[in-house]
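This report refers to the structure that appears directly beneath it.
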Amino acid sequence: MENLVTRYRNVTILVAILFAQVLGLAIQVRRSSENQSSRLIRVWVVGAITPLEKLLVWSQGGVSGVWHNYVYLRGVRQENRDLREEIEKLRLEQVGLSQDAQQAQRLQSMLGFREQFISQTMPAQVIGTSGSEQSRLIFIDKGSRDGIAKIADDETDIDKEKGEKEKGRDRGKDMAVITSAGGVVGKVLFVNRSTSEVLLINDQSSGVGVILEKSRLQGILKGTASGKVVLDKIMNDEQIEVGEKVLTSGGDRIFPKGLLVGTVSEVAPGPESFLRITVKPAADLARLEEVLVITKKVEQAPSVADEGPVRAVDILTDRLPSVPDKPPTAADGTTKPETAGTPDSKPATAPKIASKPVVVPTGMTNKPAVSGVNTTNSTAKPAGQAKPPAKPNSTRESNPQ
Amino acid sequence: VPITYTSNEQIEVYRFSIPVTIGVPLLALFFQAFLPRHFPFFAYFDLPLLVVIFFAIARRSQVTGLLTGAIIGLAQDALTSQPIGLYSLTKTVVGYGASSLGVKLDVENAGARFLVTLFFYLLHEVVYFTVARGMLKMNMHYTWQHELSSALLNAVLAVALFAVLDRFKQRT
């Protein structure tokens, strides 16, 4: 027997190692989560690889920053002029939107809805990927040291139960990750000390509770092995239009409701009696550079306390045709832009409404942002869409970390 | 020193310094994780696999080959969200196979390297898909065109990469 083992020493070692690996895989499959040793391996490897990635991304950002901020400033003056014009336009639009949002809030409070607000986000740089087509995962340069894994006091009990602390690494707290333009990217899966791993929505093990904007149908968004994103559990007899927006429903308790996930790109009959709906993600998942991690969300009923009871006479007064107020004139005799003769603006009520914190850019301040698209009024904008955040740096200021 | 079947010449066994033994696989893992972020097309390549094949062939030792495959595969697994052991198992088989081939055949020229990489890439994919589907019940996206084109691209890259890595070889 001894001679046999010595003679086939190499094959014996191969079989022994393969057996150990198969056993290890079987244990992981049975536990349906990783065992301690495998987590430690991940910590070591991620710790060895990510510092170099961070260094390269940092130096790359530095070089492009010098170029864009100091050297290449052609056209900035023109861009500034264009942006000023855009701001003026948006100011006028805001007046109308504020009224719609306020009305939606009133209706929600009447129905006793509870909303999830994004109260804090953290900008993060994408520093790497898993490098495998089978695992759609990205690494970001923020970890537990930066506050990603911290359990905030006002988080729900469900989130606390999911937080499973472990040596140098936390099992995902399921923090949602979005782009600055509001598209859903994925969720934080593992948190290391200075980096985190984010599972993208097109990974086959991910799932997002979503709702279709027009038809209000709810389903589960899943990734496929080929990297596509499909919507599950919608019956064959439903009418879904290509191009319809897909928003988060908030039902999964990870993503606040109303975030833009993508648009329907293909509708085809699927297995059993369900449709196979392919969704084009709003975020370009293959070319992510900067993302926002939603580090804190609070759940509360929408507040319209300062509004006071609405009197029927006020509503009727609003509806009656009236002569608009004279636009306020500045000291130099010029007219202010808010009421510069646009038929849509309502000068009598505009200043009062606009001063309220109705629609706040997501995560850019500590004020709650309205995320409520899940209302019957489709004019309310989702949190991520309300307005693209101005600068990632401004979030850093609002962040206690 | 093993004897080749293709000629009566003796095949040389090479060794590598410790910095190269550790640094090259780490660099391969780094590029594999970093480059697809800028160039999604790079996901076609499997740099850690090419490094396993190179070391296994150059060292011509089956035990060293399979251990190299197992360790590099383990590190690659650690960067994914999949169970640990999937890449490790696959690369163990490739490491063992490549070193066994290195013992028997002279695979130092570009043509032989191209064919060897092509073969071991396909073997890697077959073992990977079998384990992932059969044991882990994972849904796998699989097309022959994709696999063949990936194998060809990796084989072309291997020829260039192995020529660079040849500079780090040390005669025993």
Side-chain angles (χ1 to χ4, degrees), chain A residues 9-11 13-14 17-18 20-29 33-35 37-46 48-50 52-53 56-57 60 126-139 189-190 197 199 203-206 224-228 285-289, chain B residues 22 26-40 42-48 61-63 65-67 69-70 73-90 92-93 95-96 99-100 128-129 131-132 135-143 146 150:
Chain A
R9 187 179 69 104
N10 293 350
V11 178
I13 293 170
L14 174 70
I17 287 181
L18 288 180
Q21 286 166 339
V22 169
L23 203 67
L25 279 172
I27 290 168
Q28 289 173 71
V29 171
S33 66
E34 302 162 79
N35 58 9
S37 58
S38 70
R39 283 182 193 173
L40 212 55
I41 289 167
R42 286 191 203 271
V43 174
W44 290 340
V45 174
V46 171
I49 299 291
T50 51
L52 199 56
E53 288 178 335
L56 267 180
V57 169
Q60 203 177 20
V126 178
I127 56 170
T129 66
S130 71
S132 165
E133 284 184 313
Q134 311 304 331
S135 174
R136 291 178 170 84
L137 192 83
I138 56 167
F139 288 82
L189 191 66
F190 293 116
E197 295 164 43
L199 189 73
D203 187 274
Q204 54 181 317
S205 61
S206 80
T224 62
S226 59
K228 283 185 180 174
L285 300 173
R287 291 179 190 277
L288 291 167
E289 289 194 2
Chain B
I22 297 170
L26 271 180
L27 268 179
L29 285 168
F30 164 73
F31 283 123
Q32 189 68 39
F34 184 75
L35 288 179
R37 180 182 157 254
H38 299 280
F39 313 103
F42 199 83
Y44 273 93
F45 295 108
D46 192 341
L47 278 183
S61 158
Q62 289 168 327
V63 175
L66 71 91
L67 285 176
L74 212 59
Q76 199 177 0
D77 277 322
L79 291 173
T80 68
S81 58
Q82 296 164 353
I84 296 277
L86 201 50
Y87 276 118
S88 177
L89 193 146
T90 314
T92 303
V93 175
Y96 183 84
S99 56
S100 305
Y128 184 92
F129 279 66
V131 176
M135 198 174 157
L136 304 177
K137 304 283 178 209
M138 283 168 61
N139 288 320
M140 305 298 291
H141 178 63
Y142 172 80
T143 57
H146 180 266
S150 294

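In what follows, every chain begins at residue 1, and chains take the letters A, B, ... in the order their sequences are listed. Every value quoted in this text rests on a predicted model; they were computed, and no experiment measured them.
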Exercise. Indicate the atoms forming the closest heavy-atom contact of B:Leu89 with A:Gln21, along with that distance.
Key: CA-OE1, 3.0 Å

Quiz prompt | Under 4.5 Å from any heavy atom of chain A - which part of B:Phe39 | solution = neither

Quiz item: For the residue pair B:Gln62 and A:Asn10, what are the closest heavy atoms and their distance?
Solution: OE1-ND2, 2.5 Å

Quiz item: What pair of heavy atoms forms the shortest contact from B:Thr80 to A:Ser132, and how long is it?
Solution: CG2-CB, 4.0 Å

Practice problem: Can you tell which part of A:Leu52 gets under 4.5 Å to a heavy atom of chain B, answering side chain, backbone, both or neither? | Solution: both

Practice problem: Could you tell me the separation between the OG atom of A:Ser135 and the CE atom of B:Met138, rounded to the nearest 0.5 Å? | Solution: 8.0 Å

Practice problem: Pick whichever of A:Ile49, A:Leu25, A:Val45, A:Val22 has the most heavy-atom pairs under 4.5 Å with chain B. | Solution: A:Leu25

Exercise. Could you pull out the closest heavy-atom pair between B:Ser81 and A:Leu189, with the gap in Å?
Key: CB-CD2, 3.8 Å

Quiz item: Side chain, backbone, both or neither: which part of A:Ala286 has a heavy atom under 4.5 Å from chain B?
Solution: both

Self-check item: Non-hydrogen atoms of A:Gly131 and B:Pro36 that approach each other most closely
Solution: CA-CG, 4.5 Å

Self-check item: Proximal component of B:Leu67, with respect to chain A [non-hydrogen, under 4.5 Å]
Solution: side chain

Practice problem: Kindly give the heavy-atom pair with the smallest separation between A:Val11 and B:Tyr96, and that separation in Å. | Solution: CG2-OH, 3.2 Å

Practice problem: Among the options A:Arg9, A:Arg287, A:Gln134, A:Glu289, pick out the one with the most heavy-atom pairs lying under 4.5 Å from chain B. | Solution: A:Gln134

Quiz item: Where does B:Leu66 contact chain A at under 4.5 Å (heavy atoms): side chain, backbone, both or neither?
Solution: side chain

Exercise. Pick one of side chain, backbone, both or neither for B:Phe42, based on which atoms fall under 4.5 Å of a heavy atom in chain A.
Key: neither

Quiz item: Who among A:Ile13, A:Leu288, A:Leu137 has the most heavy-atom pairs with chain B under 4.5 Å?
Solution: A:Leu137

Practice problem: Using non-hydrogen atoms and a 4.5 Å limit, figure out which bit of B:His38 sits close to chain A: side chain, backbone, both or neither. | Solution: both

Exercise. Please look at A:Ile138 and chain B and tell me whether the side chain, the backbone, both or neither of the residue comes under 4.5 angstrom of a heavy atom of that chain.
Key: neither

Self-check item: Residue part contacting chain A, namely of B:Asp77, when any heavy atom lies under 4.5 Å
Solution: backbone

Exercise. Go through the atoms of A:Glu53 and report whether side chain, backbone, both or neither lie under 4.5 Å from a heavy atom of chain B.
Key: both

Quiz item: Is a side-chain N or O of A:Gln28 found less than 3.5 angstrom from the main chain of B:Ile84, in a donor-acceptor match?
Solution: yes

Self-check item: Toward chain B, the part of A:Leu18 with a non-hydrogen atom under 4.5 Å
Solution: both

Quiz prompt | Interface moiety of A:Leu14 toward chain B, non-hydrogen atoms closer than 4.5 Å | solution = both

